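Below is one structure, written out as structure tokens; comments come after it.
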Amino acid sequence: MAGHDDEHLLHNEIKLLGVLGWVEYRLPIFNWINNAVGTNYPTPKNVNYFWNFGSLAGIALVIQILTGIVLAAHYVPTADGAFASVERIMRDVNYGWLFRYAHANGASLFFAVVYIHLFRNLYYGSYKYPRELLWWLGLIMLILMITTAFMGYVLPWGQMSYWGATVITNLFGAMPIIGDELLLWLWGGFTVGEVLLRGFYSLHYLLAFVIAGLAIVHIWALHQHRSNNPLGIDIKGPQDILPFHPYFTVKDLFGFGIYLIVFALLVFYAPNMLGEPDNYIPADPLQTPAHIVPEWYLLPFYAILRAVPDKLGGVIALALALLVLFAVPWLDTSKVRSARFRPIYKQLFWIFLADVLILGWVGGSPPEGMFITIGQLATVYYFVHFLVLLPIVGKLESPTPLPDSIATAVLEENKRKKARKLPQVGVAPSASHGASSGGGH
Amino acid sequence: MTAEPKGDDGSRRDFLYIATGAFSTVGAAVATWPFIDQMNPAADVLAVASLEVDISDIQPGHALTVKWRGKPVFIRRRTPDEIQAARAVNLGDLRDPQRDEDRAQKPEWLIVVGICTHLGCIPLGVKDSDPKGDFGGYFCPCHGSHYDSSARVRKGPAPRNLEVPGYEFLSPTLVKIG
């Protein structure tokens with residue numbers, strides 16, 4: 001329905017002469033870019049700062065690839081050489097410490113950005129029709145990221161690397177009948193060793209580029225139906241949008257600046273804050289560290305794995321925790337996208353977020369005493385949220401009225417802001433207008 | 001336009017654009033330096049950049065090849081005749097004029113990097129059975145450069161004499177190269 005109007009929201013095609021025109025006639029790359037992130041891509045004018053996190057994830061991926069290429073050039077993927085080569089990178093290679101700290105903390109921030117991106121989707125219902133496949137592509141990238149991050153963590157071949165690899169690969173041993181054979185095949189031997197290390201090195205390098213390729217497909221799917229927005233309603237006409245460039249390129253760059261500040265603070269002032277000191281001990285196949293934990297970004301999943309007191313059951317719960325996300329567009333039965341207009345779902349969203357944080361806390365604590373119970377309760381709630389609450393609330397809840405269009409909602413909000421400001425602060429009308437107009441013309 | 005929206009005119013915006021652009025450009029340029037510098041020799045590579053060689057076994061008229069920074073270094077114990085020949089040469093006849101006194105700290109010992117200055121091959125002349133070229137020093141088989149008993153180029157396409165590395169005698173029988 002809106003698809004046809006969509007085609008003519010903007011008329012900012014680039015016309016080129018001379019050499020660029022010659023190229024464009026044969027390979028229309030300049031308009032392709034302009035249609036993707038330029039003056040001809042219509043963006044809902046009301047997207048808030050949570051819409052920065054998609055481009056931030058892209059930038060985080062680029063940083064990982066650039067620093068990773070440098071690290072790979074100095075790294076030795078052998079059981080005898082890996083740990084020493086990482087120490088050599090830290091001590092001897094020029095700026096090696098910078099590349100390694102940037103890569104390790106870059107991975108953490110990449111996950112932070114992607115998790116905010118994901119929860120943004122859950123809050124504003126961005127996964128709903130017609131963006132289900134877009135959501136799926138994002139989830140596939142998340143699973144690939146988890147895999148890539150795990151393999152990367154094994155490469156320094158410290159105690160956490162070695163025993164993390166042992167614990168996680170042993171999950172596959174839970175498979176009925178073929179479990180033991182599968183482990184032999186995975187390890188290429190009788191235990192985690194150099195064959196696995198080299199395989200992980202190869203895949204770690206490869207998967208980064210698979211993710212990069214999927215990111216392009218993800219953006220392609222995004223542009224088919226455009227960005228969602230905090231109101232969760234469709235673009236109805238030119239009054240609802242602004243061209244991506246310069247309005248959102250500048251906004252994204254501003255977000256990137258903030259991101260770099262956080263990144264620099266971590267890399268230069270607290271580079272080991274998020275890491276485990278045990279990984280500075282070389283891998284010892286004859287001794288397990290007292291307390292094995294994954295990096296913070298995998299802790300909630302680790303808690304779900306440990307919540308089930310059965311080897312196979314834990315693995316299944318872990319897999320389902322990710323797979324259930326694929327079904328969310330259909331489990332959520334509400335036709336309204338944004339939680340802004342869903343009074344009950346809005347509460348559930350925050351409870352669910354708290355639940356995931358609790359799982360993370362439990363995942364990082366020793367599996368003893370109350371943590372076992374809390375972890376099990378939080379795991380049950382994780383699935384109840386998706387499998388029970390989401391379908392029921394969508395049917396029972398009565399959403400508050402949706403605005404007619406993005407433009408009318410924006411104008412009304414501006415009017416309210418102005419009305420609030422005028423009597424209290426008593427500023428001049430023109431100043432107040434300047435502060436709140438934000439593209440309302 | 002009235003005087004009121006002073007802070008919002010073109011010049012302020014231009015200033016912000018230029019300041020932001022300049023800051024980002026400098027930042028990006030600074031950030032590329034580690035990417036370049038990481039390819040330079042690392043601290044451990046530089047740390048093993050010198051080599052000590054025991055030369056007590058080398059008899060007059062014989063030579064030895066050692067590996068220093070991944071390259072061959074020729075250490076030759078010259079006979080009085082060879083020294084005599086190297087010092088008798090008229091500097092005007094040389095392509096790359098250098099006095100033998102400037103190339104050998106002790107006349108008896110000639111220490112040079114064994115890489116032909118033409119295209120990087122290793123000249124022959126260390127082993128007794130090797131051809132030593134027309135001038136009794138080294139001969140590069142790749143493109144026929146001849147070096148004399150001071151390892152100066154005398155014939156063939158090589159532009160310069162064989163390089164003399166930095167070295168010092170720690171004792172009469174121990175030399176430190178690099």
Side-chain angles (χ1 to χ4, degrees), chain A residues 59 62-76 81 84-103 106 245-246 249-261 263-264 267-268 427-438 441, chain B residues 1-53 66-73 113 120 163 165-167 176-178:
Chain A
I59 287 166
V62 169
I63 292 176
Q64 288 310 96
I65 289 178
L66 289 179
T67 51
I69 287 171
V70 171
L71 290 173
H74 298 284
Y75 172 75
V76 178
S85 75
V86 172
E87 286 307 304
R88 181 177 174 270
I89 287 169
M90 293 301 290
R91 293 151 196 259
D92 290 337
V93 174
N94 301 320
Y95 291 101
W97 58 272
L98 177 61
F99 286 105
R100 178 160 171 269
Y101 280 153
H103 198 71
H245 181 76
T249 41
V250 163
K251 192 176 177 179
D252 279 354
L253 280 175
F254 176 71
F256 180 42
I258 304 287
Y259 177 82
L260 280 184
I261 291 172
F263 190 45
V267 169
F268 294 112
V427 286
S430 59
S432 157
H433 174 78
S436 62
S437 61
H441 313 276
Chain B
M1 204 181 242
T2 58
E4 205 181 20
K6 216 186 254 168
D8 208 28
D9 63 7
S11 65
R12 180 172 182 271
R13 183 163 292 195
D14 286 348
F15 172 77
L16 287 172
Y17 270 133
I18 293 166
T20 309
F23 184 81
S24 312
T25 308
V26 172
V30 169
T32 54
W33 173 244
F35 283 91
I36 296 166
D37 194 37
Q38 54 91 12
M39 287 173 71
N40 279 322
D44 61 332
V45 174
L46 296 175
V48 293
S50 64
L51 176 73
E52 289 177 17
V53 188
V66 293
K67 198 169 141 194
W68 170 71
R69 293 184 183 173
K71 299 185 256 190
V73 167
V113 176
E163 182 197 341
Y167 64 90
K176 184 180 146 199
I177 301 169

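All chains are named by letter (A, B, ...) in the order of the sequence lines, taking the proteins before the strands, and each is independently numbered beginning at 1. Computed from a predicted model, the values in this text were never measured in an experiment.
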Problem set entry | Contact class of A:Leu66 relative to chain B, heavy atoms under 4.5 angstrom | both

Exercise. Is the closest side-chain heavy-atom distance between A:Arg88 and B:Val45 below 4.5 Å?
Worked result: yes

Exercise. Under the 3.5 angstrom rule, does the side chain of A:Asn94 hit a backbone N or O of B:Asp37 as a donor-acceptor pair?
Worked result: yes

Exercise. Among residues 17-35 of chain B, which residues come closer than 4.5 Å to chain A, judged by heavy atom distances?
Worked result: B:Trp33, B:Pro34, B:Phe35

For this session: Drop me the distance from A:Ile69's CD1 to B:Gln38's CD, to the nearest 0.5 angstrom.
Result: 10.5 Å

